[in-house]
Amino acid sequence: MSADGHLLQEGIFWRHGERPPLSLRLVLLDFTAGATAEQAGEALALIVECVQRLRRGEVRDLAGQAERTRAESTAQFAGLRLLLGFGRRLFDDQRHDPPVVALPRPDFLAYLPRTGEPFPALPWDGGRRTGEADVLMQLTAESEAAVNAAAVEIWKVIADHALPVAVAESYPGFGRPDGRGWLGFHDGVSNLRTEDRAAAMVAGQHPAWMAGGTYLAFLRLRVDLAAWRALSRAQQELLVGRDKLSGAPLIGTERGPSGELRPVAASPPALGANLPSDYRDPPQVTDPVIEASHVHRANQNRASGSAAGGLRMFRQGYEFLDGLGPEGPSLGLTFVSFQRDLSTVQHLLHLPGWLGDVNFGGRAGRGPDEPPAIAFVSLVAGGLYAMPPRAAPFPGADVFSR
């Protein structure tokens with residue numbers, strides 16, 4: 001494998017100049033009872049081939065269409081990317097008899113707890129716990145039409161071939177061209193520099209079949225927007241760690257005319273000047289209130305991507321809106337991260353001072369004039385997945401070989 005991580009599957013968008021497309025669709029698949037390893041491998045090969053054909057304008061129900069309309073289909077699925085991974089359920093002998101795979105399960109590829117709290121400061125939203133499956137397929141493209149149509153084409157190939165697999169769950173998401181999220185701020189966390197990404201993401205030799213791949217964690221997070229909007233702008237900025245309008249990182253606090261705590265942001269560049277690439281990165285600070293903000297909690301360690309205990313990950317996020325009615329919107333964020341091992345996620349969300357002692361930001365033992373460390377984020381669905389390196393006929397095909 002080259003130093004730039006060239007065995008990573010497409011659909012991560014980590015190289016210099018790449019940006020994630022604006023539309024996401026996660027499709028979770030479970031193999032049916034009694035499916036053999038050979039049947040499972042053949043089913044995935046057909047599904048992956050179906051998605052690849054879409055990128056060439058080959059749609060199952062439109063075989064033989066004229067060249068002009070085929071070109072329209074090709075344009076529809078331009079930029080469509082598929083990212084494929086395996087969850088803890090695939091390796092569960094209680095779910096699969098006979099076993100579907102014979103190769104070892106990666107360390108930390110585990111179920112999220114179904115009872116209690118999955119992480120100390122991040123509770124379940126309530127209701128049915130979802131997000132765990134045998135297989136995760138991440139579809140991305142610039143248009144919602146492309147990822148949604150591709151998801152339905154996956155269902156069609158399953159139905160047409162009576163494959164021993166079923167769609168368990170599906171989750172949509174979208175990006176925003178303005179770079180902001182539901183909280184009104186620019187992305188709450190900085191990301192790894194391009195030169196650090198491969199070292200932070202690329203998996204090692206244990207187990208051997210994952211060498212050159214990566215691990216994905218997805219958390220579908222519900223946001224109580226009404227609770228967030230009840231805070232003042234200053235309180236919001238102190239919890240996030242950024243100026244709400246400019247996106248500039250906060251560097252300290254000061255006292256206002258009435259003695260109230262106010263955020264102090266870094267100076268923006270001169271009018272008309274280009275933003276430096278690290279403009280929104282949180283700097284090292286000494287103010288304990290700023291150190292407790294979300295962007296600092298998520299970036300406590302500035303070590304290189306390969307540093308032991310660095311807890312570095314490559315993050316991508318997609319908003320979602322489930323509905324809007326008289327009681328307000330049901331919305332949140334689908335957080336997706338890539339890391340070389342899954343202990344990174346577990347540690348980051350368990351360690352006090354990172355995200356293990358507060359729900360989002362602020363100090364658990366805050367002073368009377370500091371913003372409240374409110375709990376307004378909860379977990380709707382989530383799972384941990386192993387994303388094997390590129391291979392033919394699909395990533396991880398050897399897992400189903402006996």
Side-chain angles (χ1 to χ4, degrees), residues 9-11 24-55 58-61 77 80-106 109-112 128-140 146-172 209-210 213 215-216 218 220 381-402:
Q9 296 181 48
E10 63 179 12
L24 169 83
R25 171 66 69 171
L26 298 179
V27 179
L28 277 58
L29 304 174
D30 286 337
F31 294 111
T32 54
T36 66
E38 181 180 13
Q39 290 170 336
E42 290 175 351
L44 282 187
L46 284 171
I47 293 170
V48 170
E49 181 186 20
C50 169
V51 176
Q52 292 171 341
R53 286 179 176 273
L54 292 177
R55 293 163 57 173
E58 299 177 22
V59 182
R60 295 188 64 79
D61 293 344
F77 294 105
L80 176 67
R81 295 292 182 268
L82 170 65
L83 183 61
L84 174 69
F86 306 137
R88 171 66 179 88
R89 191 182 190 279
L90 185 68
F91 301 85
D92 192 337
D93 291 346
Q94 295 184 0
R95 299 279 187 174
H96 298 292
D97 184 14
V100 181
V101 299
L103 296 182
R105 174 169 56 91
L109 184 60
Y111 293 121
L112 295 182
R128 190 165 62 100
R129 284 40 168 143
T130 60
E132 308 278 10
D134 290 338
V135 176
L136 176 143
M137 290 186 165
Q138 176 188 282
L139 299 166
T140 50
V147 295
N148 288 346
V152 173
E153 291 299 313
I154 290 173
W155 169 81
K156 287 180 184 178
V157 74
I158 293 172
D160 290 352
H161 291 276
L163 299 179
V165 65
V167 177
E169 304 282 349
S170 182
Y171 304 104
W209 63 270
M210 274 297 297
Y215 293 93
L216 176 149
F218 96 88
R220 192 166 173 84
L384 309 176
Y385 290 86
M387 319 302 285
R390 297 187 187 201
F394 61 87
D398 288 349
V399 170
F400 302 96
S401 300
R402 290 186 180 276

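Below, all heavy atoms of this structure are taken into account, side chains as well, without hydrogens, waters or symmetry copies. The residues of the chain are indexed from 1 along the displayed sequence.
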Side chain proximity check, [X] to [Y], heavy atoms < 4.5 angstrom:
{"X": "Met137", "Y": "Leu82", "result": "yes"}
{"X": "Val27", "Y": "Trp155", "result": "no"}
{"X": "Met210", "Y": "Tyr215", "result": "yes"}
{"X": "Val135", "Y": "Leu28", "result": "no"}
{"X": "Ile154", "Y": "Val51", "result": "yes"}
{"X": "Val100", "Y": "Asp134", "result": "no"}

Query - Evaluation steps, salt bridge (Lys or Arg N to Asp or Glu O under 4.0 Å), between Glu169 and Arg128 - result: CA-CA 12 Å; Glu169 304 282 349; Arg128 190 165 62 100; 2.9 Å; yes
Requested in this report: Using the salt bridge (Lys or Arg N to Asp or Glu O under 4.0 Å) rule, collect all pairs that involve residues 26-35, keeping only residues at least two apart or in two chains.
Outcome: Asp30-Arg89
Just to verify, what does [X] make a ring pair (Phe, Tyr, Trp, His ring centres under 6.0 Å) with, not counting sequence neighbours?
{"X": "Tyr385", "result": "none"}
{"X": "Phe218", "result": "Tyr171"}
{"X": "Phe394", "result": "none"}

Less than 3.5 Å apart, which donor and acceptor atoms pair up between the side chains of residues 158-165 and the rest of the protein, not counting sequence neighbours?
from	atom 1	to	atom 2	distance (Å)
Asp160	OD2	Arg60	NE	3.0
Asp160	OD2	Arg60	NH2	3.2

Nearest non-hydrogen partners of [X] and [Y], listed with the distance:
{"X": "Ala386", "Y": "Pro106", "answer": "CB-CG, 4.2 Å"}
{"X": "Arg25", "Y": "Ala151", "answer": "CG-CB, 3.9 Å"}
{"X": "Val48", "Y": "Pro393", "answer": "CG1-O, 4.2 Å"}
{"X": "Pro98", "Y": "Gly34", "answer": "CD-O, 4.3 Å"}
{"X": "Ala146", "Y": "Phe77", "answer": "O-CE2, 3.6 Å"}

Between [atom1] on residue [X] and [atom2] on residue [Y], distance to nearest 0.5 Å:
{"X": "Leu80", "Y": "Thr140", "atom1": "CG", "atom2": "OG1", "result": "7.0 Å"}
{"X": "Leu44", "Y": "Glu49", "atom1": "CG", "atom2": "CD", "result": "13.0 Å"}
{"X": "Leu112", "Y": "Arg129", "atom1": "CG", "atom2": "CZ", "result": "11.0 Å"}
{"X": "Glu153", "Y": "Leu54", "atom1": "CD", "atom2": "CG", "result": "5.5 Å"}

Report task. Would you sort out whether Arg88 and Leu384 count as a side-chain contact (heavy atoms from CB on, under 4.5 Å), showing the intermediate values? Result -> CA-CA 7 Å; Arg88 171 66 179 88; Leu384 309 176; over 6 Å; no
Requested in this report: For the pair Phe86 and Phe400, name the ring-plane relationship: parallel under 30°, tilted 30 to 60°, perpendicular over 60°.
Outcome: perpendicular
Query raised in the report: Between the main-chain N or O of Gly87 and the side-chain N or O of Glu132, is there a donor-acceptor pair closer than 3.5 Å?
Result: no
Query raised in the report: Hey, does the side chain of Gln9 reach the backbone of Leu84 with a donor-acceptor pair shorter than 3.5 angstrom?
Result: yes
Query - Test salt bridge (Lys or Arg N to Asp or Glu O under 4.0 Å) applied to Arg81 - qualifying residues, sequence neighbours left out - result: Glu10
Report task. Please test Arg105 against Leu90 for side-chain contact (heavy atoms from CB on, under 4.5 Å), starting from the C-alpha separation and ending with a verdict. Result -> CA-CA 9 Å; Arg105 174 169 56 91; Leu90 185 68; over 6 Å; no
